[in-house]
Structure formats: C-alpha cells, structure tokens
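See below for the structure under consideration.
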Amino acid sequence: NHRFSAAALGYNSPPVPTTRTTMRATARAQPNIALIKYWGKRDTEQTLPAVGSISITLADLFTTIRVEFDDAFQGDSLVVNDAENAAMLPRVSRCLDAVVGGERAHAAITSKSNFPIAAGLASSASAFAALVVAADVAAQTHHSRERLAGLAGQASGSAARSIYGGFVELANQDDAIALTELCPAAGWPLCVVVAITATGPKAVGSTEAMETSRETSPFYARWVAQQQADLDDAREAIAAKDFARLAAVAEHNCLKMHSVMWASRPPMVYWNATTLECMDAVRRMQSEGVPVFFTIDAGPQLKAVCEPSAVETVRQRLAATPGVEAVMVTGLGGGAGIIDDD
Ligand code: DP6
C-alpha cells in the first residue's frame with residue numbers, strides 16, 4: 001500500500017517491491033461517565049448528538065489498544081481481551097478508515113480492558129478513544145486532539161469525551177462537536193463508586209435505543225429543548241465546585257433521560273430492583289449529610305459520585321446493599337494518550 005511506502009514517509013530511496021512496511025502504536029484511554037447525558041442523535045450517519053453533554057473521565061479503569069498497519073496483512077483483524085471479535089470489526093475498520101483514509105494498509109488491532117465489559121462503563125468510549133489515538137500515531141496522520149475527538153465521536157458519541165481528562169463538555173456546533181476540558185481531574189478530585197447489580201448483556205444497545213426514543217417518546221422533544229439549561233447549570237456548579245448544585249442537576253438530568261426511555265415504544269427500562277435499592281441507599285446517605293449523588297446509564301449499574309472524604313462510607317454502604325454483586329472505586333483521570341509497550 002503506497003500510503004505507507006518509504007517515499008510517502010519522506011525517505012529518499014524508492015521502496016523495492018519486497019519492502020514490507022509495518023507501523024504500529026499503542027494507546028490507552030479511560031471510560032467516562034456522563035453527568036449531563038447524551039441521549040439522541042441529530043445525524044445518525046455522522047453520529048452527531050442531538051444534545052451536548054458533560055462527563056467525568058475515570059482514573060483507574062482503562063482500555064489499551066495496539067494498532068499495527070502492515071502492507072502484508074490480507075485484511076483487518078480484531079482481538080478483544082484475547083478473543084477474536086468479528087462483531088465489532090466493521091465498526092473498528094470504519095473508524096480506522098476515517099482516521100487514516102480508505103487507502104490505508106490493513107491493520108491488526110488488539111484491545112484489552114482492565115474492567116469487566118458487564119460493568120456498564122461504556123467500554124466503547126475508552127476503546128474508540130484509544131483506537132483513534134493509536135491509529136493517528138501509527139499512521140502518522142498528525143490530527144489535532146479536537147479532530148481525534150471528532151473521529152472517536154463518529155464511532156461512538158460518548159467516546160469523544162474520553163480523549164480528554166477530568167470534567168469534559170461536549171458541545172454541539174453547526175455540523176460538528178466541540179470539546180472543552182472544564183476542570184482537570186486534580187482540580188476537583190471527586191470519586192466514583194460503581195455498584196454492579198447485574199452482569200448479563202444489556203437488553204438494547206444505546207445506538208438503537210436512542211433512535212427508538214427519538215422516534216416514539218413523547219418527552220424526547222422536551223428533553224432536547226431543556227438540555228442547554230442543564231448544561232449551563234452543571235458548568236456553573238463545576239466552576240464553583242458546588243457539590244450540592246452538581247448533585248441536583250446531575251440526578252435530575254439522569255432521571256429525565258430515563259423518563260424519555262420509559263415513555264418510548266417499546267419502553268426501555270434498564271433498571272432492576274437492585275438499581276432502585278442502590279438509589280435508596282444513596283438517598284439515605286444524602287439525608288445523613290454524606291456528599292454523594294447517583295447517575296445511571298443504559299444499563300442496571302448505579303454510579304455514585306462522591307467527595308473523597310465520603311468514598312469509604314459510600315463503598316461500604318453500596319457493597320452492603322442487597323443484590324449488589326460487586327463495587328468498583330476510582331478517582332478521576334486524564335485523557336487518552338500513547339503508551340510505550342515495546
Ligand atoms: C446513556 O456513546 O454508547 O451512556 O453514539 O450510539 O455509540 P453511540 O452511543 P453511546 O451512548 C452513551 C449513552 C449514555 C449517556 C452518555 O454517556 O452521555
């Protein structure tokens with residue numbers, strides 16, 4: 001493939017036909033959790049969200065992806081956590097085409113996450129963020145960080161946010177998205193406790209579920225119309241490090257998104273009885289003055305966000321809640337980046 005020929009890379013001597021060009025890089029990215037949610041697309045082709053969102057990038061959970069382009073490969077291949085994954089390969093190949101161009105050499109992609117996919121922590125977000133960063137360096141395409149976020153977001157809307165660290169806002173522009181780091185992880189080092197309430201595969205994937213909501217939920221238009229007010233509220237709460245204010249708007253926005261889902265046809269109820277038990281546990285801690293709030297995505301796990309002083313209480317109380325299978329604790333972290341694995 002001439003794109004990776006020695007000449008294209010700026011070397012003087014022309015490539016001989018037997019030259020085999022290999023280019024590789026490894027990147028790591030963490031999942032993020034939305035406090036103001038992305039739910040719905042205005043353009044499904046480009047994966048442009050219908051609403052802006054604000055998230056926190058996590059610290060201790062990560063996906064590591066190695067991308068190797070080689071002229072000699074006969075096709076793309078994908079290995080996820082040591083197992084061949086044919087189902088995800090077309091989406092991954094499309095993402096590489098978008099980063100590198102359709103004329104690229106074929107690629108071998110290896111992905112590993114240090115957290116269970118069933119944890120409901122959008123492994124697609126950390127995976128696509130790591131993928132675009134690794135592909136950009138391997139193929140020497142030198143995209144800007146903002147462009148890489150746009151490319152990750154085309155693959156999965158929430159993945160754009162995992163390019164950045166700490167508190168991240170994704171804003172809608174005319175025909176693109178814009179990302180802003182509102183506050184670095186160290187600027188307001190909150191903690192997240194994930195309560196795992198079920199480990200089966202989720203009922204309906206986000207991509208399909210969002211479309212069902214857009215097409216059928218009587219609350220969808222209101223949800224979109226009100227999002228700007230929630231974003232403004234959360235942004236101000238983050239600037240002021242006002243935990244109570246952020247807690248109020250984040251829980252409101254989460255429950256509003258789930259109301260849109262519940263009112264869709266067919267309805268989408270992602271919670272189970274244990275999810276509700278966990279919500280109740282958070283409410284009880286709040287009434288005792290513990291600085292904690294919850295958020296829930298398109299799955300049954302509850303994510304409790306708290307101040308560092310409360311993390312042990314929150315961890316213990318959620319772990320002791322009947323039906324909780326496991327808890328995971330993490331702080332906030334930085335964005336996607338290259339790592340040296342050789
Ligand atoms: C509920 O980013 O997974 O977690 O763009 O279709 O890949 P696609 O959807 P995805 O949806 C995330 C939905 C959410 C809310 C959020 O993370 O903002």
Side-chain angles (χ1 to χ4, degrees), residues 29-58 61 63 87-88 90-92 94-95 98 113 117-132 149-164 167-172 176-177 179 182 192 194 201-215 217 220 223-224 227 230-231 234 249-262 264 268-271 275 294-303 305 336:
Q30 296 96 328
N32 70 78
I33 293 173
L35 304 181
I36 304 298
K37 307 288 187 188
Y38 148 51
W39 193 253
K41 293 180 178 60
R42 63 190 154 110
D43 181 336
T44 47
E45 274 299 303
Q46 297 284 313
T47 312
L48 286 174
V51 291
S53 53
I54 291 178
S55 62
I56 45 181
T57 301
L58 305 180
L61 313 167
T63 301
M88 279 293 284
R91 208 165 154 198
V92 166
R94 257 199 317 278
C95 181
S113 292
I117 293 196
L121 279 164
S123 57
S124 67
S126 48
F128 283 110
L131 181 71
V132 298
L151 289 163
Q154 267 174 29
S156 183
S158 55
R161 299 182 311 231
S162 275
I163 295 289
Y164 297 86
F167 293 76
V168 178
E169 176 165 7
L170 184 157
N172 259 334
I177 53 168
L179 279 295
L182 296 175
V192 178
V194 181
K202 68 172 149 185
V204 189
S206 307
T207 310
E208 185 189 339
M210 280 181 202
E211 278 303 282
T212 303
S213 288
R214 188 178 63 77
E215 287 162 1
S217 178
Y220 183 78
W223 156 256
V224 173
Q227 187 78 341
D230 289 359
L231 289 166
V249 68
E251 288 190 356
H252 165 70
N253 189 266
C254 165
L255 294 175
K256 198 160 53 178
M257 177 185 76
H258 284 275
S259 303
V260 171
M261 296 167 170
W262 283 37
S264 300
M268 288 159 308
V269 178
Y270 285 104
W271 306 350
T275 316
F294 67 80
T295 191
I296 305 161
D297 294 301
Q301 328 307 2
L302 179 135
K303 292 115 186 193
V305 182

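Indexing begins at 1, ligand by ligand and atom by atom, following the structure's order.
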Under 30°, 30 to 60°, or over 60°: which ring-plane class applies to Trp271 and His258, parallel, tilted or perpendicular?
tilted
Side chain Arg42, main chain Pro49, donor-acceptor under 3.5 Å
yes
Within the 3.5 Å criterion, strictly below it, is a donor on Asn32 or Ser162 matched to an acceptor on the partner's side chain?
yes
Donor-acceptor pair, side chain of Thr212 and main chain of Glu208, under 3.5 angstrom:
yes
Closer than 4.0 angstrom: is that true for some heavy atom of Arg91 and an atom of ligand 1?
yes
Report, in ascending order of atom number, the atoms of ligand 1 lying under 4.0 Å from any heavy atom of Ser158.
2 (O), 3 (O), 10 (P), 17 (O)
Atoms of ligand 1 less than 4.0 Å from Thr47 heavy atoms?
5 (O)
Does any N or O atom in Arg161 lie less than 3.5 angstrom from one in ligand 1, N or O only?
yes
Relative to the heavy atoms of Thr207, which atoms of ligand 1 are at a distance of less than 4.0 Å?
6 (O), 7 (O), 8 (P)
Hey, does Ser156 come in under 3.5 Å of ligand 1, counting only N/O atoms on both sides?
yes
Indicate, as side chain, backbone, both or neither, the part of Glu211 found under 4.0 angstrom from ligand 1 when only non-hydrogen atoms are considered.
neither
What atoms in ligand 1 come closer than 4.0 Å to a heavy atom of Ser206?
3 (O), 9 (O), 11 (O)
Can an N or O of Trp39 be found at a distance shorter than 3.5 Å from an N or O of ligand 1?
no
Say whether Asn32, considering both its backbone and side-chain N or O atoms, lies within less than 3.5 Å of an N or O atom on ligand 1.
no
Using a plain distance cutoff, I'd like to know if Gly157 has any nitrogen or oxygen under 3.5 Å from a nitrogen or oxygen of ligand 1.
yes
Can you name the atoms of ligand 1, numbered from 1 with element, that are less than 4.0 Å from a heavy atom of Met210?
9 (O), 11 (O), 13 (C)
Distance col, row Leu302:CG vs Thr295:OG1, nearest 0.5 angstrom, shows 8.0 Å
So with a 6.0 Å cut-off around CD of Glu215, is the heavy-atom count from everything else above 12?
yes
Just by distance, with hydrogens left out, do Ser55 and Lys37 show a side-chain donor and acceptor under 3.5 Å apart?
no
Any residue meeting ring pair (Phe, Tyr, Trp, His ring centres under 6.0 Å) with Phe167, in chain and number order, not counting sequence neighbours:
Trp188
If only side-chain N and O atoms count, and only distance matters, is there a donor-acceptor pair under 3.5 Å linking Ser53 with Arg161?
yes
Which atoms from ligand 1 have a heavy atom of Ala34 less than 4.0 Å away?
16 (C), 17 (O), 18 (O)
What atoms in ligand 1 come closer than 4.0 Å to a heavy atom of Lys41?
5 (O), 6 (O), 8 (P)
